[in-house]
Amino acid sequence: QLQACGGGFVQPGGSLRLSCAVSGRSSSHYVMAWFRQAPGKQRELVAAVTSGGLTDYAASVEGRFTISRDNAKNTLSLLANTLKPEDTAVYYCAGRSGSRIAYYPRSYHDWGQGTLVTVSS
């Protein structure tokens with residue numbers, strides 16, 4: 001089970017930290033990711049991290065967002081800096097068994113409930 005939190009309202013240029021707690025499974029051989037879905041758009045990968053610490057980011061957030069995980073605490077975080085209005089979306093944490101990052105939602109079998117991030121002046 002995944003439980004996400006940390007969304008909210010922020011002005012352009014601001015920052016937010018999203019967190020996701022994982023329960024009921026081990027962090028080993030488990031890829032974790034953040035996806036987002038804006039109104040009228042498809043769900044897209046924002047960032048992902050393997051249990052070994054390898055990361056990948058969407059081009060639109062590269063250099064602004066940082067994904068991290070704490071395997072001992074079984075938690076996932078996303079630090080989002082220099083936020084833009086186009087970052088407005090519901091953000092979901094997700095997980096999949098294995099060691100490879102996957103880029104499509106259908107490849108992930110565990111999902112959190114989503115947390116809304118609104119970037120607006």
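Note: hydrogens, waters and symmetry copies are ignored here, and every other heavy atom, side chains too, is used. Everything numeric in this text was worked out from a predicted model, so none of it was measured.
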**Request:** Look only at the side chain of His109 and the backbone of Ser97, and say whether a donor-acceptor pair between them is shorter than 3.5 Å.
**Result:** yes
**Asked** Under the side chain to side chain contact (heavy atoms under 4.5 Å, CB included) criterion, do Val22 and Met32 qualify, and how do the steps go?
**Response** CA-CA 10 Å; Val22 182; Met32 298 193 70; 3.1 Å; yes
**Request:** For Glu44, enumerate each residue passing the side chain to side chain contact (heavy atoms under 4.5 Å, CB included) test, keeping only those at least two apart in sequence or located in another chain.
**Result:** Arg36
**By side chain to side chain contact (heavy atoms under 4.5 Å, CB included) - contacts of Lys41 (at least two apart)** = Ala38
**Request:** For Val31 and Val49, run side chain to side chain contact (heavy atoms under 4.5 Å, CB included): C-alpha distance rounded to whole Å, both residues' side-chain angles, the deciding distance at 0.1 Å, then the answer.
**Result:** CA-CA 6 Å; Val31 176; Val49 57; over 6 Å; no
**Request:** Scan residues 34-82 for pairs that pass disulfide bond (SG atoms under 2.5 Å apart), counting only residues two or more places apart or in two chains.
**Result:** none
**Complete:** Contacts of Arg64 meeting salt bridge (Lys or Arg N to Asp or Glu O under 4.0 Å) (sequence neighbours excluded), chain-then-number -> Asp87
**Request:** Taking the side chain as every heavy atom from C-beta outward, state whether Arg69 and Ser77 have any pair of such atoms under 4.5 Å apart.
**Result:** no
**Asked** Taking C-beta and beyond as the side chain, do Leu76 and Ile67 meet within less than 4.5 Å on heavy atoms?
**Response** yes
Indicate every side-chain donor-acceptor pair of residues 112-121 with a distance under 3.5 Å to a residue at least two apart or in another chain.
residue: Gln113; atom: OE1; partner: Ala4; partner atom: N; Å: 3.2
residue: Gln113; atom: NE2; partner: Ala4; partner atom: O; Å: 2.8
residue: Thr115; atom: OG1; partner: Gly7; partner atom: N; Å: 3.0

**Separation of Ser23 OG from Gln3 CD (nearest 0.5 Å)** = 8.5 Å
**Message:** Could you measure the distance from the CG atom of Asn71 to the OG atom of Ser28? Nearest 0.5 Å is fine.
**Reply:** 8.5 Å
**Request:** Specify the closest pair of heavy atoms between Leu45 and Ala47, including all atoms of both residues, with the distance to one decimal.
**Result:** CD1-O, 3.6 Å
**Prompt:** How close do Asn81 and Ser15 get, heavy atom to heavy atom, and via which atoms?
**Reply:** OD1-OG, 2.8 Å
Return the set of residues passing side chain to side chain donor-acceptor pair (under 3.5 Å) with [X] (not counting sequence neighbours), or none when no residue passes.
| X | value |
| --- | --- |
| Arg96 | none |
| Tyr103 | Asp56 |
| Asp70 | none |

**Message:** Strictly by ring pair (Phe, Tyr, Trp, His ring centres under 6.0 Å), give each pair with a member in residues 2-32 just once, sequence neighbours left out.
**Reply:** none
**Asked** Could you give all pairs that pass the ring pair (Phe, Tyr, Trp, His ring centres under 6.0 Å) test and reach residues 42-100, with sequence neighbours left out?
**Response** none
**Request:** Can you sort out the partners of Phe35 under ring pair (Phe, Tyr, Trp, His ring centres under 6.0 Å), two or more places apart, ordered by chain and number?
**Result:** Tyr108, Trp111
**Prompt:** In the hydrophobic cluster built from side-chain contacts under 4.5 Å, what are the other members alongside Leu54?
**Reply:** none
**Message:** Check Cys20 against Cys5 for me: are their SG atoms closer than 2.5 Å?
**Reply:** no
**Prompt:** More than 12 foreign heavy atoms under 6.0 Å from CD of Gln42: is that the case here?
**Reply:** no
**Request:** Give the cluster check for Trp34 versus Val10: same hydrophobic cluster or not, with ILVMFWY residues linked at side-chain heavy-atom distances below 4.5 Å.
**Result:** yes
**Message:** Using the rule that Ile, Leu, Val, Met, Phe, Trp and Tyr join whenever any side-chain heavy atoms are under 4.5 Å apart, tell me whether Tyr104 and Ile101 fall into a single cluster.
**Reply:** yes
